[in-house]
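First comes the structure, then the notes that go with it.
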Amino acid sequence: MIRVLLAEDMHMIRSALVALLRLESDIEVVAEVVRGDEIVPAALRTRPDVAVLDIDLPALDGITAASELRERLPGCRVLILTALGRPGEVRRALAGGIEAFLVKDAPGDRLADAIRRTAQGLRVLDPELVTAAMEYGASPLTAREREVLAEAACGAPAEEIAARLHLSAGTVRNYLTGAVGKTGARNKVDAIRIAQDAGWI
């Protein structure tokens, strides 16, 4: 029996995935969570073989949660689910050693098969996603530029970002200018869009 933890914040999608997996005689969903910061505590309690994680979760994204999970429970393998399959996210997942990456609109039987293959230690990656990720290239942004741009994407003004990150407002503006230049954007809003589409933030 393959023990599965499922992290998905959309109630209807989570219920549908659980119902789908209950049809499989060799798969048991042992935990369901809705937030990224609930993944590790739930996994430590239930000891799943595979964690199926939505990439976009409240409090902590699926890839970051997966990294923490690998440290705390190395025997648990991770399968990331995404609606978009942005190249930057795929690159981040691959760099983090994630075993499987599946788009949500894949046929239902592919999820169960992907869980089985992931449990066996095999990598399950959509070839088109991997090709797109390799062609798109790595993020040109520094860690600090990504952090500042992500804060700006939430609508925070430079002064608020500065206070939150313990920087001066001028330094925040410099990071934003650098992000605009490196992404080839027209302005801050365009830089945010480009970085989000690429999965860099």
Side-chain angles (χ1 to χ4, degrees), residues 1-10 13-14 17-18 20-21 24 26-104 106 110-134 136-139 141-147 150 195-196 198-201:
M1 186 67 75
I2 302 168
R3 296 167 60 81
V4 172
L5 176 148
L6 179 62
E8 167 61 63
D9 63 321
M10 303 285 290
I13 294 174
R14 188 175 66 256
L17 291 173
V18 169
L20 186 70
L21 293 175
E24 306 296 328
D26 59 338
I27 296 174
E28 179 187 8
V29 178
V30 296
E32 299 175 48
V33 299
V34 297
R35 295 166 46 100
D37 57 356
E38 296 173 337
I39 291 169
V40 171
L44 291 173
R45 266 193 326 273
T46 59
R47 301 285 171 173
D49 302 303
V50 178
V52 179
L53 313 179
D54 181 17
I55 204 165
D56 294 313
L57 292 168
L60 195 67
D61 71 88
I63 295 175
T64 304
S67 297
E68 291 184 9
L69 186 57
R70 290 172 67 84
E71 288 178 16
R72 301 288 302 278
L73 196 64
C76 179
R77 300 190 174 277
V78 175
L79 188 159
I80 291 285
L81 289 180
T82 181
L84 302 174
R86 294 181 292 223
E89 289 177 341
V90 178
R91 288 182 66 88
R92 224 176 111 213
L94 292 173
I98 289 181
E99 291 84 1
F101 202 98
L102 194 65
V103 291
K104 286 184 180 179
R110 282 197 57 198
L111 176 59
D113 182 58
I115 288 172
R116 291 184 187 102
R117 291 167 56 86
T118 302
Q120 293 168 9
L122 302 173
R123 293 197 103 177
V124 183
L125 301 165
D126 186 313
E128 290 181 18
L129 289 180
V130 175
T131 301
M134 295 303 117
Y136 207 92
S139 170
L141 304 173
T142 65
R144 195 55 122 172
E145 286 167 342
R146 285 196 307 272
E147 192 175 16
Q196 286 177 330
W200 296 332
I201 61 170

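We use all heavy atoms of the structure for the numbers below, so side chains are in, but hydrogens, waters and symmetry mates are not.
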Would L53 and V78 count as a side chain to side chain contact (heavy atoms under 4.5 Å, CB included) if you check the C-alpha gap in whole Å, the side-chain angles of each, and the deciding distance to 0.1 Å? CA-CA 7 Å; L53 313 179; V78 175; 3.9 Å; yes
Are K104 and D54 close enough, and set up right, to give a salt bridge (Lys or Arg N to Asp or Glu O under 4.0 Å), and what steps lead you there? CA-CA 9 Å; K104 286 184 180 179; D54 181 17; 3.3 Å; yes
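Distance CD1/I2 to CG/D26: 5.0 Å, rounded to 0.5 Å. How far CG of L102 is from OG1 of T118: 8.5 Å, rounded to the nearest 0.5 Å. The line from CD of E8 to CG of D56 is 9.5 Å long, rounded to the nearest 0.5 Å. Within the model, atoms CZ of R117 and CZ of R77 stand 12.5 Å from one another, a figure rounded to the nearest 0.5 Å. Interatomic distance, CD1 of I63 versus CD1 of I55, reported as 3.5 Å (0.5 Å rounding). Between atom CE of residue M1 and atom CD1 of residue I27 there is a gap of 9.0 Å, rounded to the nearest 0.5 Å.
Contact check for L81 versus L17: side-chain heavy atoms found under the 4.5 Å cut-off. Proximity of I115 to L21: side-chain heavy atoms (C-beta onward) are separated by under 4.5 Å at one or more points. Using a 4.5 Å cut-off on side-chain heavy atoms (C-beta onward), I39 and L57 make contact. Side-chain contact check for V33 versus P41: every heavy-atom pair is 4.5 Å or farther apart.
For R144, the salt bridge (Lys or Arg N to Asp or Glu O under 4.0 Å) criterion is met by E147, not counting sequence neighbours. With sequence neighbours excluded, no residue satisfies side chain to side chain donor-acceptor pair (under 3.5 Å) with E38. Listed by chain and number, the residues in a salt bridge (Lys or Arg N to Asp or Glu O under 4.0 Å) with R146 amount to none (sequence neighbours excluded). In this structure R35 satisfies the side chain to side chain donor-acceptor pair (under 3.5 Å) test together with D37, sequence neighbours excluded.
Under the side chain to side chain donor-acceptor pair (under 3.5 Å) criterion, no residue pair touches residues 41-53, with sequence neighbours excluded. Residue pairs satisfying the side chain to side chain donor-acceptor pair (under 3.5 Å) criterion with at least one member in residues 60-73, sequence neighbours excluded, are listed as follows: D61-T64, D61-R92, T64-R92, R70-E99.
What you find for P48 and A43 is that their closest heavy atoms are CD-O, 3.4 Å. Contact between A65 and G36 at its shortest, heavy atoms only, is CB-O, 3.9 Å. Closest approach of P58 and V34 over heavy atoms only: CD-O, 3.3 Å.
Counting only distance, with no hydrogens or angles, the side chain of R123 and the backbone of I98 share a donor-acceptor pair below 3.5 Å. Remark: the backbone N or O of V30 is not paired with any side-chain donor or acceptor of R3 at under 3.5 angstrom.
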